[in-house]
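Below is one structure, written out as structure tokens; comments come after it.
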2 protein chains.
Amino acid sequence: MTEPLSADMFPGPGCGDRPMPFRVGDKWTGWVLRCLDAGPRRFSELRVPLHWVTPKVLTETLRAMERDGFLTRTVHDERPPRVTYELTLLGRSLIGPLDGACAWAREHAPEIAEARGAYRS
Amino acid sequence: MTEPLSADMFPGPGCGDRPMPFRVGDKWTGWVLRCLDAGPRRFSELRVPLHWVTPKVLTETLRAMERDGFLTRTVHDERPPRVTYELTLLGRSLIGPLDGACAWAREHAPEIAEARGAYRS
DNA sequence: CAGTATCCTAGGAGATACTG
DNA sequence: CAGTATCTCCTAGGATACTG
């Protein structure tokens, strides 16, 4: 059994505002990758840490990732309905570069902030 | 003396259309990084390989990179005017993750293409 | 529960033309 | 040479409400 995802797994919508010069796929793809890293999740589980993403946009993100072969969408024939999303091997292979990007950001974000502060005109 | 940049250094505008789930900064930031990798370049030099980017957009890209401390812009007091762009250490530090992203794309692009082809609905 | 259906808007990006 | 100045357009993304 995988641990439940925390509602404050990510600091907030502000994440996207930090000086992060890397982007994986669509705006929320990176966060979804993180959420699915530990195992399959259902839609409502993803909505917990990503509560600042509307269901429409989350659906779009998930569909795009499915289309590109990053994850599989499984509809379980139950009542109430249960749908789970799980990373494919291809999707997992994105984690490496994603970690690289995050490491870069963690290391260099202060320099960007400083450069922005010093920038005039 | 650095080698001149080739007009077909990049396949074409289609580059951006290939399944490339990574993005560094703005749309053309990655390409500019590549162009400046070998040494400082002037505006018109950059326009050679990036001839499918309008001057306005290229300027915007360069200004954003300058603002974030990725490159320096030097105006030489000459006639005709000469302006050169050069990567900072911070800008150079982006090359590593960029290479990682490109390696990923080179290795996995076929899988994405296949997934897209197989995707129905 | 797991989404759709609508409507709307900001700004990234491009085309075209002009200038210190 | 190294850019500006306008104008325009598109679509990713969001707000809100509803449904099988």
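Chain letters run A, B, ... following the sequence lines, proteins first and then strands; every chain starts at 1.
T84(A) places no side-chain N or O within donor-acceptor distance of the main-chain N or O of R41(A), the cut-off being under 3.5 Å. Between the T88(A) side chain and the G69(A) main chain, a donor and an acceptor come within less than 3.5 Å of each other. The main-chain N or O of D37(A) is found under 3.5 Å from a side-chain atom of R92(A) such that the two form a donor-acceptor pair. Using modelled atom types, no side-chain atom of H108(A) and backbone atom of L90(B) make a donor-acceptor pair closer than 3.5 Å. Panel note: side chain R120(A), backbone G117(A); a donor-acceptor pair is recorded below 3.5 Å. The backbone N or O of S93(B) sits less than 3.5 Å from a side-chain atom of W104(A), completing a donor-acceptor pair.
Atom-to-atom, CD of E78(A) to P of dC1(C) comes out at 13 Å; the value is rounded to the nearest Å. In this entry the distance linking CG of L46(A) with P of dG3(C) reads 10 Å, nearest Å. Between the CZ atom of F43(B) and the P atom of dG20(C) there is a distance of 18 Å, given to the nearest Å. Atom CG of L62(B) and atom P of dC1(D) are 17 Å apart (whole Å). For the pair W52(A) CH2 and dT16(D) P, the interatomic distance rounds to 18 Å; values are reported in whole Å. Per the geometry, CG belonging to D77(A) stands 18 Å off P belonging to dC1(C), to the nearest Å. Between R79(A) atom CZ and dA2(C) atom P there is a gap of 11 Å when expressed in whole angstrom units. Rounded to whole angstrom, the span from the CD atom of E66(A) across to the C1' atom of dA2(C) amounts to 14 Å.
Hydrophobic clustering (side-chain heavy atoms under 4.5 Å, transitive across Ile, Leu, Val, Met, Phe, Trp, Tyr) keeps Y119(A) apart from I112(A).
Of the candidate nucleotides dA15(C), dA17(D), dA2(D), dA15(C) has the atom lying nearest to any side-chain atom of T54(B). Side-chain proximity of Y85(B) to the nucleotides dC1(D), dG3(C), dG3(D) is greatest for dG3(D). Picking from dC1(D), dG3(C), dA2(C) the nucleotide with the shortest atom distance to the side chain of T59(A) gives dG3(C).
Where R42(B) and P81(A) meet DNA chain D, the nucleotide closest to each residue was compared, and R42(B) sits on the side nearer the 5' end.
Look at R73(B) and you'll find a side-chain N or O under 4.0 angstrom from OP1 or OP2 of dG3(D). Put simply, R82(A) has no side-chain N or O that comes within less than 4.0 Å of OP1 or OP2 on dG3(C). Proximity of R63(B) to the phosphate of dT4(D): a side-chain N or O atom is located under 4.0 Å from OP1 or OP2.
Taking the charged nitrogens against the carboxylate oxygens, R82(A) and D77(A) have no contact shorter than 4.0 Å, which rules out a salt bridge. With salt bridges taken as basic N to acidic carboxylate O contacts below 4.0 Å, none links D26(B) and R23(A).
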Are there any protein N/O atoms within less than 3.5 Å of an N/O atom in nucleotides 5-13 of chain C, and if so, which ones and at what distance?
{"from": "dA13(C)", "atom 1": "OP1", "to": "R23(B)", "atom 2": "NH2", "distance (Å)": "2.6"}

Per-residue pairing states of DNA chain C in dot-bracket (Watson-Crick or G-U under 3.5 Å; . unpaired, | other strand) read ||||||||||||||||||||
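The only member of L46(B), V57(B), L58(B) that meets side-chain contact (heavy atoms from CB on, under 4.5 Å) when paired with W28(B) is V57(B).
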